*Asks:* 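So that we are looking at the same thing, I have put the structure below in structure tokens.
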Amino acid sequence: MSEQQQRSADRTEGAPQDPGAVRPEGRRDDKRDDEAVSQFVERFAAQLVEAGMQRMSARVFACLLASDSGVLTSAELGERLQVSPAAVSGAIRYLSQVDMVSREREPGSRRDRYRVHSDQWYEAMARRDNILTRWEGTLRDGVESLGEDSPAGRRMNETLVFFEFLQKELAGLLQRWREHRDQIRAEYGDAR
């Protein structure tokens with residue numbers, strides 16, 4: 001079956017017209033308010049944009065996050081968000097570069113699927129540790145080149161000390177999160 005035929009078949013099988021309408025598995029949750037899900041996606045995306053993320057990338061990320069499986073194809077994302085494949089492609093490119101989504105091949109097809117992971121936020125924070133280390137090295141060089149006693153050197157040193165403090169605290173915070181996350185997951189398992 002060609003990709004065009006697959007897309008056509010997807011549409012006739014009840015492909016979603018808005019975020020959350022039909023999950024990739026094809027099951028509808030009658031308890032789910034499709035309009036509320038759509039509003040959540042747009043509201044959360046707007047907050048991500050305020051924090052500095054590109055608008056379409058924020059919408060795609062929020063849409064993936066709101067899907068039960070956490071996995072959607074480009075066509076599904078386009079349909080749910082009512083955007084072009086090119087818009088989805090650009091957003092996915094950015095999200096992949098910053099490791100917020102991963103790309104995987106749809107079994108038996110040439111189509112890609114895009115996945116957001118449960119530990120995505122944890123992983124993003126853990127990667128910050130490497131960034132902080134690089135910033136600290138650069139800031140040390142800045143303090144040295146500006147002179148520790150100059151106003152700019154003191155300001156630079158305070159920034160350095162802040163990042164050193166943050167990095168020390170981050171390790172413990174991430175460890176406490178792993179323990180808390182494992183407890184939450186164990187509770188989910190008990191509830192099933």
Side-chain angles (χ1 to χ4, degrees), residues 16 18-74 76-77 80-81 88 91-107 112-137 159-192:
D18 58 6
V22 175
R23 292 195 278 304
E25 305 85 37
R27 293 179 290 119
R28 177 179 290 277
D29 183 347
D30 293 330
K31 297 176 188 173
R32 184 165 293 169
D33 180 347
D34 296 342
E35 183 61 28
V37 173
S38 181
Q39 288 175 5
F40 160 77
V41 166
E42 296 304 327
R43 188 171 60 247
F44 188 54
Q47 291 171 358
L48 292 171
V49 169
E50 287 176 13
M53 188 182 283
Q54 300 167 355
R55 183 174 189 279
M56 187 53 61
S57 297
R59 291 183 72 214
V60 166
F61 179 74
C63 188
L64 279 167
L65 197 60
S67 70
D68 279 344
S69 67
V71 180
L72 296 170
T73 65
S74 184
E76 290 168 330
L77 285 162
R80 289 177 184 217
L81 296 171
V88 171
I92 290 294
R93 188 176 319 108
Y94 168 79
L95 292 168
S96 296
Q97 288 171 350
V98 296
D99 294 323
M100 293 186 77
V101 300
S102 61
R103 181 184 314 240
E104 53 192 46
R105 185 65 66 184
E106 189 173 271
D112 288 328
R113 301 185 307 185
Y114 305 100
R115 176 181 299 276
V116 64
H117 299 279
S118 297
D119 287 336
Q120 188 278 322
W121 295 110
Y122 169 82
E123 293 297 329
M125 291 304 294
R127 281 190 301 278
R128 293 291 178 238
D129 188 47
N130 294 333
I131 293 169
L132 290 174
T133 300
R134 287 196 315 257
W135 287 357
E136 288 171 14
T159 302
L160 170 60
V161 170
F162 170 73
F163 284 131
E164 288 171 338
F165 174 83
L166 191 60
Q167 189 169 27
K168 287 177 190 170
E169 292 298 313
L170 186 58
L173 180 66
L174 292 175
Q175 176 58 39
R176 288 191 304 277
W177 164 249
R178 284 189 299 272
E179 293 165 2
H180 184 70
R181 177 202 61 202
D182 292 347
Q183 180 181 5
I184 290 169
R185 288 181 177 172
E187 290 170 7
Y188 286 158
D190 293 342
R192 289 183 191 169

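Just so it is clear, the values below take in all heavy atoms, side chains as well, and ignore hydrogens, waters and symmetry mates. Numbers here are sequence positions counted from 1. Predicted model, so just to flag it, every value in this text is computed and none were measured.
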*Asks:* First locate atom CD of Gln175, then atom CG of Leu170, and finally report the distance between them rounded to the nearest 0.5 Å.
*Replies:* 12.0 Å
*Asks:* I'd like to check Met53 versus Val98 (side-chain heavy atoms, cut-off strictly below 4.5 Å). Are they in contact?
*Replies:* no
*Asks:* Arg80 side chain to Cys63 main-chain N or O, any donor-acceptor pair under 3.5 Å?
*Replies:* no
*Asks:* If we only count heavy atoms from C-beta on, is the Leu72 to Arg113 side-chain gap below 4.5 Å?
*Replies:* no
*Asks:* Answer yes or no: is there a donor N or O on one side and an acceptor on the other, between the side chain of Glu169 and the main chain of Leu166, under 3.5 Å?
*Replies:* no
*Asks:* Say you draw a straight line from OG of Ser102 to NE2 of His117; how long is it, rounded to the nearest 0.5 Å?
*Replies:* 3.0 Å
*Asks:* For residues Gln167 and Thr133, report the shortest heavy-atom separation together with the two atoms involved.
*Replies:* NE2-OG1, 2.6 Å
*Asks:* Does Asp112 reach the side chain of Thr73, with side-chain heavy atoms less than 4.5 Å apart?
*Replies:* no
*Asks:* With a 4.5 Å heavy-atom cut-off, do Leu77 and Ile92 have their side chains touching?
*Replies:* yes
*Asks:* Test side chain to side chain contact (heavy atoms under 4.5 Å, CB included) on Glu42 and Leu81 and set out the steps.
*Replies:* CA-CA 9 Å; Glu42 296 304 327; Leu81 296 171; 4.2 Å; yes
*Asks:* Can you give me the closest heavy-atom contact between Ala45 and Ala58, atom names plus distance?
*Replies:* O-CB, 3.5 Å
*Asks:* How long is the span from the OH atom in Tyr114 to the OG atom in Ser74, to the nearest 0.5 Å?
*Replies:* 5.0 Å
*Asks:* Quick check for you: to the nearest 0.5 Å, what is the distance between Ser69 atom OG and Leu64 atom CG?
*Replies:* 8.5 Å
*Asks:* Tell me every residue that passes salt bridge (charged side-chain N to carboxylate O under 4.0 Å, His left out) with Arg55, counting only those two or more places apart in sequence or in another chain.
*Replies:* none
*Asks:* Can you tell if the side chain of Arg178 reaches within under 4.5 Å of the side chain of Leu173, non-hydrogen atoms only?
*Replies:* no
*Asks:* Which distance, rounded to the nearest 0.5 Å, do you find between the CH2 of Trp135 and the CG of Leu160?
*Replies:* 13.0 Å
*Asks:* Can you tell me how the ring of His180 sits relative to the ring of Trp177, calling it parallel under 30°, perpendicular over 60° and tilted otherwise?
*Replies:* tilted
*Asks:* Going by heavy atoms in the side chains, are Glu179 and Asp182 under 4.5 Å from each other?
*Replies:* no
*Asks:* Specify the closest pair of heavy atoms between Phe40 and Ala62, including all atoms of both residues, with the distance to one decimal.
*Replies:* CE2-O, 4.4 Å
*Asks:* In Å, rounded to the nearest 0.5 Å, how long is the span from CD of Glu187 to CZ of Arg185?
*Replies:* 13.0 Å
*Asks:* Is there a donor-acceptor contact under 3.5 Å linking the side chains of Gln39 and Glu35?
*Replies:* yes
*Asks:* Could you pull out the closest heavy-atom pair between Phe163 and Leu132, with the gap in Å?
*Replies:* CD2-CD2, 3.3 Å
